[in-house]
Amino acid sequence: MIRCVAWTPLVGAPFIKTVHFTSPSSFRIFASRSSPSSSPSTVAASRRSISLSIIAVTSSVVSSLGFSSPAQAEFSEIPDSGGVKSLDLRIGDGEVPIEGDQIEIHYYGRLAAKQGWRFDSTYDHKDSSGEAVPFTFVLGSSKVIPGIETAVRSMKVGGIRRVIIPPSQGYQNTSQEPLPPNFFDRQRLFTTIFNPTRLANGEGSTLGTLVFDIELVSTRRRLKR
C-alpha cells in the first residue's frame, strides 16, 4: 500500500510544496498556504512553481510514510488501468474529457529509479513571452504513454492529480510522448528504463516506474468530418 500525506485540497487552494525525507523508505510532505495579503501575481507564481514530492518506488522502498499534517490521503488504483495509482491534489470544476478530445496538460515527470529525478516539466517549456506552454495531445491517439491517458480520462478541467505509473503503463519505446526536449535528459531517461543489464537482473518492475503530477488545463472537442 502506498500512502501520501496531504492537506485536503479545495478548489483554488495552494498546492503541496515541500518534501522532507525522514528515512530511505519514508518521507513527509508539508503543505503551505499563501498569506491573505499575497498578491494575485505572487499566488500565480507560487502555483506555477509547484515542488513535487520525490517518491522513490523501488522493491524495498515506499512501505510507509511519516504523518505530519492534520489530514491524510491514500493513493488508489484507477480501475482497469493496469496498476496506475492516483491521488487528487485538487479537484477540478470543469469538463471531463472524452475520447478524441484535444487535451492540454501541465505536468512534472519524475523517474522513481533515480530517486525521484525530475526528467521533464512543462512549466520549463516557455514561449516567446515567457509563458509556460502546456503539452497537447489527442486523447485515445496512443501517442502518449498509457498511464497519462488513463489519469486524464477521469479528471475534470482545473484538477491536479499525482499518479504513480508502473512500467507496463509507461514508456515502452523511445518515441512515446511526452518526451523531454533536452537530448541529455532523454538519453538519461531511456538508458535507465531500458538498461539491458539491470533488466536482465530482474529490475524491470522498478526501472520504468514514473511519477507524474498532472494539471488538466483544457479539453476541446474536435469536429467530426
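We count residues from 1, following the sequence as given.
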Residues which pass side-chain hydrogen bond (donor to acceptor under 3.5 Å, both in side chains) with [X], listed by chain and number, not counting sequence neighbours:
X    : value
N173 : S175
S129 : D127
S121 : none
T219 : D101

Practice prompt. Step through the shown structure and confirm whether more than 12 heavy atoms of other residues, nucleotides or ligands are within 6.0 Å of NZ on K143.
Written response: no

Item to complete: Assign the ring pair Y108 / Y123 to parallel, tilted or perpendicular, where the plane angle (0 to 90°) is split at 30° and 60°.
Response: parallel

Worksheet item: Going by the angle between their ring planes, with limits at 30° and 60°, are F190 and F194 parallel, tilted or perpendicular?
Response: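 Plane angle under 30°, so parallel.
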
Nearest 0.5 Å, what's the [atom1]-[atom2] distance between [X] and [Y]?
X    : Y    : atom1 : atom2 : answer
L189 : T174 : CG    : OG1   : 10.0 Å
I164 : E77  : CD1   : CD    : 11.0 Å
L210 : L111 : CG    : CG    : 6.5 Å

Fill in: Those residues that, when tested against V138, pass side-chain contact (heavy atoms from CB on, under 4.5 Å) (two or more places apart)
S141, R222

Discussion item. Could you work out, with side-chain contact (heavy atoms from CB on, under 4.5 Å) as the rule, every residue matching P181, not counting sequence neighbours?
Written reply: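 Counting only residues at least two positions away or on another chain, P181 forms a side-chain contact (heavy atoms from CB on, under 4.5 Å) with D120, H125.
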
Fill in: Heavy-atom closest contact (I145 atom, Q169 atom, distance)
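Result for this residue pair: CB-O, 3.9 Å.
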
Discussion item. Looking at every heavy atom in both P180 and F119, which two are closest together, and how far apart are they?
Written reply: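 Heavy atoms of P180 and F119 come nearest at CB-O, 3.6 Å.
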
[Y] and [X], any side-chain heavy atoms less than 4.5 Å apart:
X    : Y    : value
I148 : F137 : yes
P146 : Q176 : yes
I78  : R161 : yes

Worksheet entry | Hydrophobic cluster (4.5 angstrom, side-chain heavy atoms) - remaining members for F184 |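 Joined to F184, directly or through intermediates: F183.
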
Identify, with sequence neighbours excluded, every residue that meets salt bridge (charged side-chain N to carboxylate O under 4.0 Å, His left out) alongside [X].
X    : result
D124 : R118
E149 : R153
E177 : none
R198 : E203

Worksheet item: So which pairs with a foot in residues 180-192 pass side-chain hydrogen bond (donor to acceptor under 3.5 Å, both in side chains), sequence neighbours left out?
Response: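 Non-adjacent pairs meeting side-chain hydrogen bond (donor to acceptor under 3.5 Å, both in side chains): zero.
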
